[in-house]
2 protein chains.
Amino acid sequence: MAKTRELLVETMKQLLWERGYDATSPNLVLERSGAGKGSFYHHFKGKKELAIAAMDSRADELSEEFDCLVAKHSDPLAAVAAYMCQTRDASKGCRIGRIVQDPSLEDPLLNAPLKRFFGEQHGKLTQLFQQAQTESLLSDALSPEQLATLAISALQGGFVYGRAMQEGDVVNDATDSFITLLNTQRLAE
Amino acid sequence: MAKTRELLVETMKQLLWERGYDATSPNLVLERSGAGKGSFYHHFKGKKELAIAAMDSRADELSEEFDCLVAKHSDPLAAVAAYMCQTRDASKGCRIGRIVQDPSLEDPLLNAPLKRFFGEQHGKLTQLFQQAQTESLLSDALSPEQLATLAISALQGGFVYGRAMQEGDVVNDATDSFITLLNTQRLAE
DNA sequence: GTCTATAGATTGATAGAC
DNA sequence: GTCTATCAATCTATAGAC
């Protein structure tokens, strides 16, 4: 079936989340998906190509989740808060940021989906903060770009810190702290 | 010489920084240090034991750096700012946070040095923020613990985001943004 | 399009001479 | 305390039958 390709991509997405790129072998993908080696190398040139397809798919999925969540809020700062304060588990790691530190990710081809995702995410957050300032909901002590950078970093760093401390909840302490600090910059209407 | 052990630890520290734990093979340590396999397995039970020694050494080194820097500032918020805004390079990664996401770091023995370091760092930062609030230099909109969590996360997340974007400077955008936002919480004297 | 068998390199670790 | 030679396992990938 043509679905074998899709099955391999979905399995790779799961394994990239659980173990990252370097620690995920083609054998592991095949064992978990039930596919055979021949299928794998028929659909993909190798591990790298499959991983790129999986990361692109993951990036699209997370982007869509973000857009859906933002669409539910007319207040741009409420949208940011809703995004940041979703319940997460640092022991599992970020579905996409999890991979960033793998040595192989220095390869520009492998890194491209990550760069695209984080770039787009930064743009979307910048736009929300920009809108909040335009609507006089937010002080201009920081630029929209600075706030977007800090939002992304607080989230990604919360995952790192939480995993190091072996406490999955810590990632939400980090995001909650960011939102609390951000709320001190709200302007009265 | 007894210095071979020390040489292996230093080489491992460098490689853990450059490549993390899983991607660093004993062979690589030996090749770079010039030591032989016999020496390695004479001084250490294996890769894991060497890595723990290297991480403990790194944690002590970074802790000492932090203490030296803090000792130079009587204003606790100036100390935090000086620490956060040191020039860093995300492409190299954090000398210790770099390793957190490696799959093998789920092993509690391997993770212990990281947990110790980040725990201590959080304690020291909490104390600085606590002191700032006691001296009425800082608003109490956020607890000292929350601010410490956010400081650590902004730094670690800045490394992740910067590496994903392949722009080493981005880590300092993240830390600068945190300090700028923190400074809005300074109280007039 | 899928399978099994196998290749060649590298992994972490051990053996045994010196 | 240090060396070289070697091990079994695993890695990414290929070959070739069906």
Between dG1(D) (P) and L7(B) (CG): distance, integer Å: 15 Å
Touch class at under 4.0 angstrom, heavy-atom based, for S104(B) against every strand present: nothing
F66(B) vs E120(B) side-chain heavy atoms within contact, under 4.5 Å: no
Least distance between heavy atoms, A51(B) atom then L16(B) atom: O-CD1, 4.1 Å
Separation of dT14(C) P from E49(B) CD (nearest whole Å): 12 Å
Side-chain N,O (T4(A)) to OP1/OP2 (dT2(C)) below 4.0 Å: yes
Any H42(B) side-chain N or O less than 4.0 Å from OP1/OP2 of dT2(D): no
Sub-4.0 Å heavy-atom contacts from residues 28-41 of chain A onto DNA chain C, ordered by number: A35(A), G36(A), K37(A), G38(A), S39(A)
Distance, rounded to the nearest Å, where E6(B) contributes CD and dG1(D) contributes P: 14 Å
Donor-acceptor contact below 3.5 Å, side chain W17(A) vs main chain K92(A): yes
Length of the line joining N27(A):CG and dA5(C):C1', which is rounded to integer Å: 13 Å
Separation of atom NZ in K47(B) from atom C1' in dA9(D), rounded to whole Å: 15 Å
Plane angle bin for H122(A) and Y161(B) - parallel if under 30°, tilted between 30 and 60°, otherwise perpendicular: parallel
Distance in angstrom units between K3(A) NZ and dT2(C) C1', rounded: 18 Å
Distance below 4.0 Å between S25(A) side-chain N/O and dT10(D) OP1 or OP2: no
Nucleotide dT11(C), atom C1' - distance to NZ of K48(B) in whole Å: 17 Å
Residues, nucleotides or ligands: over 12 heavy atoms within 6.0 Å of D75(A) CG: yes
Over 12 foreign heavy atoms within 6.0 Å of CD, E6(A): no
Whole-Å gap separating P (dT14(D)) and CZ (F44(A)): 15 Å
Sidechain-backbone polar pair: N111(A) side chain, A164(B) backbone, donor-acceptor under 3.5 Å: yes
